[in-house]
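First the structure, in the form of structure tokens, and then the observations on it.
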Protein chains: 2
Amino acid sequence: MLKRFKKKKSAGTAKSFIEKDKVKAVKKKMKSETFFHNLAETFKAMSDPTRTKIIYALCLEKELCVHDITAIVGTTNSAISHQLRTLRNMKLVKYNKVGKIAYYSLDDIHINNLFAEGLRHVEEK
Amino acid sequence: MLKRFKKKKSAGTAKSFIEKDKVKAVKKKMKSETFFHNLAETFKAMSDPTRTKIIYALCLEKELCVHDITAIVGTTNSAISHQLRTLRNMKLVKYNKVGKIAYYSLDDIHINNLFAEGLRHVEEK
DNA sequence: ACAATATCTGAACAATTGTTCATATGTTAA
DNA sequence: TTAACATATGAACAATTGTTCAGATATTGT
């Protein structure tokens with residue numbers, strides 16, 4: 001009880017010490033839950049070695065079919081196909097099908113920039 | 001048995017049709033396994049909503065203590081501390097401890113750029 | 001020395017992920 | 001139609017992940 005009283009006495013000041021202007025300022029500029037979810041999803045799309053290989057390949061050659069990508073990455077067709085679907089769902093790659101062949105390419109220039117920036121970070125560490 | 005024989009006959013030509021110049025060119029420029037691993041790890045560090053919130057907060061205010069980050073993100077101290085360790089291990093954030101308070105900040109400008117580029121991608125979709 | 005504060009940590013758990021396997025779909029050539 | 005080819009897919013599996021819980025450190029003020 002005594003403790004509780006003591007806590008009450010200092011709680012206000014303690015909290016106002018912690019929740020200072022910095023925190024309030026950032027909180028005001030905070031984006032929605034959905035925003036951070038989508039942002040995380042975008043990065044997650046690039047967070048697997050198989051997928052970074054695919055993206056890297058598509059940075060060098062802007063159009064590649066599944067068979068080519070499989071040959072370059074060196075896995076099974078199934079694994080590549082599954083990963084391409086992930087990248088498609090995340091809007092990182094697009095494809096157009098001509099006959100039985102599906103030609104994949106990066107969805108837009110942002111992907112190139114994003115990838116290049118990550119590449120720079122890794123190479124300078 | 002017959003099938004097997006037939007397959008053998010066409011396997012060679014089929015492969016040479018697929019492994020065309022494009023594939024060879026990309027294969028020549030392929031980076032090491034470690035490189036793609038590290039690159040994926042960097043993106044993975046940003047692939048969780050809690051961590052994107054932390055990084056976003058540190059983009060707005062370049063120095064924040066754990067308590068502040070906890071208040072901003074709105075989780076438990078433990079969860080934040082664990083995520084900060086992850087970010088530290090990935091060299092995305094650094095910290096300097098003054099007394100009992102640990103002040104966290106983004107490790108270098110590449111992180112700002114990388115994050116900003118991801119942000120742009122999400123906002124334009 | 002003690003209580004309060006700020007941060008960190010290990011274990012345990014459910015949830016998610018990437019690959020493999022077997023098979024399905026759709027297209028082309030014979 | 002049938003065989004060969006290019007790609008996609010569902011189920012199942014081990015491996016990884018993020019959070020919570022309980023408690024450990026370490027620093028400061030009294």
Side-chain angles (χ1 to χ4, degrees), chain A residues 2-4 6-11 13-15 17-19 36-37 40-41 43-54 64-71 73-90 93 95-104, chain B residues 2-20 36-37 40-41 43-54 64-71 73-90 93 95-104:
Chain A
L2 187 66
K3 204 178 171 186
R4 201 163 182 274
K6 232 182 176 176
K7 213 177 179 182
K8 241 184 181 171
K9 201 173 63 171
S10 57
T13 41
K15 228 195 166 190
F17 171 70
I18 289 155
E19 293 227 3
F36 288 110
H37 172 82
E41 287 294 304
F43 287 119
K44 191 183 284 178
M46 292 185 163
S47 72
D48 172 80
T50 302
R51 290 198 294 272
T52 56
K53 284 175 197 168
I54 294 173
L64 289 168
C65 70
V66 179
H67 214 108
D68 287 352
I69 296 171
T70 304
V73 174
T75 327
T76 64
N77 150 253
S78 184
I80 294 296
S81 192
H82 278 297
Q83 297 295 17
L84 282 172
R85 175 160 60 163
T86 301
L87 291 170
R88 241 161 45 218
N89 291 341
M90 306 287 200
V93 305
Y95 76 112
N96 92 311
K97 207 158 185 175
V98 180
K100 54 183 169 182
I101 296 173
Y103 293 99
Y104 279 84
Chain B
L2 187 67
K3 204 178 173 186
R4 199 162 185 273
F5 180 70
K6 238 183 177 175
K7 213 177 181 183
K8 240 182 181 169
K9 201 172 64 171
S10 56
T13 40
K15 225 192 169 193
S16 65
F17 171 69
I18 288 154
E19 294 225 6
K20 40 191 181 240
F36 289 110
H37 173 82
E41 287 294 303
F43 287 120
K44 191 183 284 177
M46 291 184 163
S47 73
D48 173 79
T50 302
R51 291 198 292 272
T52 56
K53 285 175 196 167
I54 294 173
L64 289 168
C65 70
V66 179
H67 213 111
D68 287 353
I69 296 171
T70 303
V73 174
T75 329
T76 63
N77 153 255
S78 184
I80 294 296
S81 193
H82 278 298
Q83 297 295 19
L84 282 172
R85 176 160 58 163
T86 300
L87 291 171
R88 242 160 45 217
N89 291 341
M90 306 287 200
V93 305
Y95 77 113
N96 89 312
K97 206 159 185 174
V98 180
K100 53 183 170 185
I101 296 172
Y103 293 99
Y104 279 85

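By convention in this document, chain letters (A, B, ...) are assigned in the order of the sequence lines, proteins followed by strands, and residues within each chain are numbered from 1.
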Requested in this report: Send over the distance from Met46(B) CE to dT17(D) C1', rounded to a whole Å.
Outcome: 18 Å
Report task. Calculate the interatomic distance between Ile54(B) atom CD1 and dG18(D) atom C1'; express it in whole Å. Result -> 12 Å
Report task. Please identify each residue that fulfils side-chain contact (heavy atoms from CB on, under 4.5 Å) with His82(B), with sequence neighbours left out. Result -> Ser78(B), Arg85(B)
Query - Under the side-chain hydrogen bond (donor to acceptor under 3.5 Å, both in side chains) test, residues paired with Arg88(B) that sit two or more places apart - result: Tyr104(B)
**Report entry** Protein-nucleotide distance (Ile80(A), atom CD1; dA8(D), atom P), rounded to Å
**Finding:** 11 Å
Requested in this report: Check for a donor-acceptor pair, side chain of Arg51(B) on one end and backbone N or O of Ala45(B) on the other, with a separation under 3.5 Å.
Outcome: yes
Requested in this report: For residues Thr70(A) and Thr76(A), report the shortest heavy-atom separation together with the two atoms involved.
Outcome: CG2-C, 3.9 Å
Query raised in the report: Phosphate oxygens OP1/OP2 of dT16(C): is one of them under 4.0 Å from a side-chain N or O of Lys44(A)?
Result: no
Query raised in the report: What is the distance from CG of Leu84(A) to P of dT9(D), rounded to the nearest Å?
Result: 11 Å
Report summary line: Correct closest heavy-atom pair for Ala102(B) and Tyr95(B) would be CB-CD1, 3.8 Å
Query - Options dC8(C), dA6(C), dT7(D), nucleotide nearest the side-chain atoms of Tyr95(B) - result: dC8(C)
Query - Protein-nucleotide distance (Ile69(A), atom CD1; dT7(D), atom C1'), rounded to Å - result: 11 Å
Query raised in the report: Closest to the Arg51(A) side chain: dG18(C), dT7(D), dT9(C)?
Result: dG18(C)
Query - Taking every non-hydrogen atom, the tightest pair across Pro49(A) and Ala40(B) - result: N-CB, 3.6 Å
Report task. Encode nucleotides 19-30 of chain C as B, S and - characters from 5' to 3', where the letter depends on protein heavy atoms closer than 4.0 Å: B to the base, S only to sugar-phosphate, - to neither. Result -> BBBB----BS--
Query raised in the report: Is Tyr103(B) near enough to dT7(C) that one of its side-chain N or O atoms lies under 4.0 angstrom from OP1 or OP2?
Result: no
Query raised in the report: What is the distance, rounded to the nearest whole Å, between atom CD1 of Ile101(B) and atom P of dA4(C)?
Result: 18 Å
Query raised in the report: Phosphate oxygens OP1/OP2 of dT7(C): is one of them under 4.0 Å from a side-chain N or O of Arg85(B)?
Result: no
Query raised in the report: Within this structure, what is the CG-to-P distance between Asn89(A) and dT17(C), rounded to whole angstrom?
Result: 12 Å
Report task. Over all heavy atoms of both residues, which pair between Cys65(B) and Ile101(B) is shortest? Give the atoms and the distance, please. Result -> CB-CG2, 3.5 Å
Report task. Calculate the interatomic distance between Glu41(B) atom CD and dT17(C) atom C1'; express it in whole Å. Result -> 14 Å
